[in-house]
Amino acid sequence: MKHPTLAAAALLAAALALPAAAQNIAIVNGKPVPKARMEALEAQVKAQAARTGQPVPPEVQNQLREEIIAREIFMQEAERRGLEASPDFRAKMELARQSVLINELFADYQEKNKVTDAEAKAEYDRVVGSQAPAAGAKEYKARHILVEKEDEAKAIIAQLKKGAKFDDIAKKQSKDPGSGAQGGDLGWANPSGYVPEFAGALTKLNKGQTSDAPVKSQFGWHVIRVDDIRDAKAPELPSFDAVKPQIMQQMQQQKLSKFQEELRAKAKIE
C-alpha cells in the first residue's frame with residue numbers, strides 16, 4: 001500500500017499537470033505542440049471561408065491537427081540541420097514578419113472602421129438612383145434583318161414593301177444568329193445599348209415603321225422595324241437586404257484602400 005502522503009502528492013502533481021497538458025495537441029519527439037497554434041490556423045481557415053462564403057466542414061478540425069503536427073516534425077528537422085541560421089532564411093523571415101504585421105494593421109483598421117447599415121443603405125440608394133432613366137427616355141421593341149451586302153438589304157426592303165413578311169425573311173436570310181431564329185426580334189431595349197449607327201436609325205422610326213434604306217454598321221447592313229415604343233423603365237434591381245453583404249464588403253474594401261492611400265500620402269519618402 002502506498003504511503004498516504006506520497007499518494008496525495010502524486011494526485012496533486014497529476015492534477016496540476018492537467019491544465020498544461022490540455023494546452024497541447026500533441027508531443028512530438030518530446031516537444032509539446034501548443035493548442036494555440038491550431039487555434040490560430042483554425043481562425044485563418046474560418047476567416048478565408050467567411051470571405052468566400054463557404055462553410056467550414058466538420059472534418060477540418062482533424063485535418064488541422066494533422067497539419068500542425070506535420071509542421072512541427074518538419075520544423076524540428078529544419079532546426080536540426082541549422083537552416084534557420086542562414087541569411088536566406090532570415091531575409092524570408094523578415095518579409096514574412098512584415099506581411100503578418102501589415103495584415104494585423106489592416107485588420108485592426110477594419111475592425112475599428114466598420115461600414116454601418118446606414119452607409120450601406122445610402123450607397124444602395126445612390127446606385128438605384130443612378131439607374132433611373134433620363135426624363136423622356138424611350139425604349140424600343142425592334143426587329144432587324146442583318147445581311148452582308150447593301151444590295152441584299154435593298155432587295156429585302158423591296159420585298160417588304162410588296163407584302164412579304166418580315167419574320168419569314170429574317171428567319172431565312174438574317175446573319176444574326178441570336179435574333180434571326182426569332183424572326184429578327186431584339187426585344188425591348190434602350191437605344192444606347194446598340195451601336196451608334198443602328199441606334200440613330202432606330203430612333204428616327206415610329207411604331208410599326210420599317211427603315212426605307214439599309215443601315216450600315218460594323219456588323220453589316222441592317223433592315224430595321226420598330227414594333228413598339230414605350231417610356232423607359234428603371235431596371236429591376238434586387239432588394240437592399242439581398243445585396244447588403246456585397247455592398248458592405250465592397251465599401252469596407254474602399255475604406256481600406258482610402259486608408260492605405262492616406263498613409264502613403266503622409267509618408268516622407270526621400
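From Glu66, atom CD reaches atom CE of Met38 across 10.5 Å, with rounding to the nearest 0.5 Å. The NZ atom of Lys244 lies 14.0 Å from the CD atom of Gln249; values are rounded to the nearest 0.5 Å. With rounding to the nearest 0.5 Å, the separation of CG in Asn206 from CD1 in Ile229 is 6.0 Å. Distance check, rounded to the nearest 0.5 Å: NZ of Lys35 to CG of Asn24 gives 10.5 Å. Rounded to the nearest 0.5 Å, atoms OH (Tyr109) and CD (Gln260) are 9.5 Å apart. Taking CG from Leu41 and CG from Leu64, the interatomic distance works out to 5.0 Å, rounded to the nearest 0.5 Å.
A continuous path of hydrophobic side-chain contacts links Ile68 to Val60 [ILVMFWY only; heavy atoms under 4.5 Å]. Both Leu256 and Leu105 are assigned to one and the same hydrophobic cluster, defined by single-linkage of ILVMFWY side chains at heavy-atom distances under 4.5 Å. Note on Met251 and Tyr124: same hydrophobic cluster, where clusters join Ile, Leu, Val, Met, Phe, Trp and Tyr whose side-chain heavy atoms are under 4.5 Å apart, directly or indirectly. Cluster membership for Ile156 and Val215, using ILVMFWY side-chain heavy atoms within less than 4.5 angstrom, is not shared.
Counting only distance, with no hydrogens or angles, the side chain of Arg65 and the backbone of Ile25 share a donor-acceptor pair below 3.5 Å. Gln159 contributes no side-chain N or O that, together with a main-chain N or O of Phe166, makes up a donor-acceptor pair within less than 3.5 Å. Between the side chain of Gln252 and the backbone N or O of Val115 there is at least one donor-acceptor pair closer than 3.5 Å. Asn103 contributes a side-chain N or O that, together with a main-chain N or O of Ser99, makes up a donor-acceptor pair within less than 3.5 Å.
Note on Lys268 versus Glu270: salt bridge recorded, some NZ/NE/NH1/NH2 to OD/OE distance being below 4.0 Å. Between Lys266 and Glu262, no side-chain nitrogen of the basic residue sits less than 4.0 Å from a carboxylate oxygen of the acidic one, so the salt-bridge criterion is not met. In summary, Asp117 and Lys121 do not engage in a salt bridge, as defined by a charged side-chain N under 4.0 Å from a carboxylate O. A salt bridge links Lys255 with Glu119: at least one charged nitrogen is closer than 4.0 Å to a carboxylate oxygen. A salt bridge links Glu77 to Arg80: at least one charged side-chain nitrogen sits closer than 4.0 Å to a carboxylate oxygen.
Heavy-atom contacts from other residues, nucleotides or ligands closer than 6.0 Å to CD of Glu123 number more than 12. With a 6.0 Å radius and a threshold of 12 heavy atoms from other residues, nucleotides or ligands, Lys207 has its NZ atom at or below the threshold. Residue Lys154 qualifies as open at atom NZ: its count of foreign heavy atoms under 6.0 Å is 12 or below.
When only modelled atom types and interatomic distance are considered, Gln246 and Gln250 share no side-chain donor-acceptor pair under 3.5 Å. Under 3.5 Å, the side chains of Ser179 and His144 contain a donor-acceptor pair of N or O atoms. For the residue pair Gln44 / Gln48, no side-chain donor-acceptor distance below 3.5 Å is found, with atom types taken as modelled. There is no side-chain donor-acceptor pair under 3.5 Å between Asp176 and Ser174.
Inter-residue side-chain proximity for Asp228 and Trp188 is flagged as met; some heavy-atom pair is nearer than 4.5 Å. Annotation: side chain of Phe219 is in contact with side chain of Leu146 (closest heavy-atom distance under 4.5 Å). No side-chain heavy atom of Thr210 sits less than 4.5 Å from a side-chain heavy atom of Lys161. Contact annotation: the side chain of Tyr140 approaches that of Thr203 to within less than 4.5 Å [non-hydrogen atoms, C-beta and beyond]. Annotation: side chain of Lys149 is not in contact with side chain of Val147 (no heavy-atom distance under 4.5 Å). Side chains of Val28 and Ile69 form a contact here, defined as non-hydrogen atoms less than 4.5 Å apart.
Scanning both residues, Asp231 and Glu139, for their nearest heavy atoms gives O-OE1, 4.2 Å. In terms of heavy atoms, Val243 sits closest to Pro238 at CG1-CG, 3.4 Å. Between Glu197 and Lys216 the shortest heavy-atom distance is CB-O, 3.2 Å. When every heavy atom of Gln182 is checked against every heavy atom of Arg143, the shortest pair comes out as O-NH1, 3.3 Å. Across all non-hydrogen atoms, the minimal contact from Pro191 to Lys138 is CD-O, 3.5 Å. Minimum interatomic distance between Ser211 and Ile157 (heavy atoms only, all atoms of both residues): O-CD1, 3.8 Å.
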Chi angles and distances behind the side-chain hydrogen bond (donor to acceptor under 3.5 Å, both in side chains) call for Asp241, Ser239: CA-CA 5 Å; Asp241 288 339; Ser239 68; 5.4 Å; no
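Classification of the Tyr194-Phe198 ring pair by plane angle, with boundaries at 30° and 60°, yields tilted.
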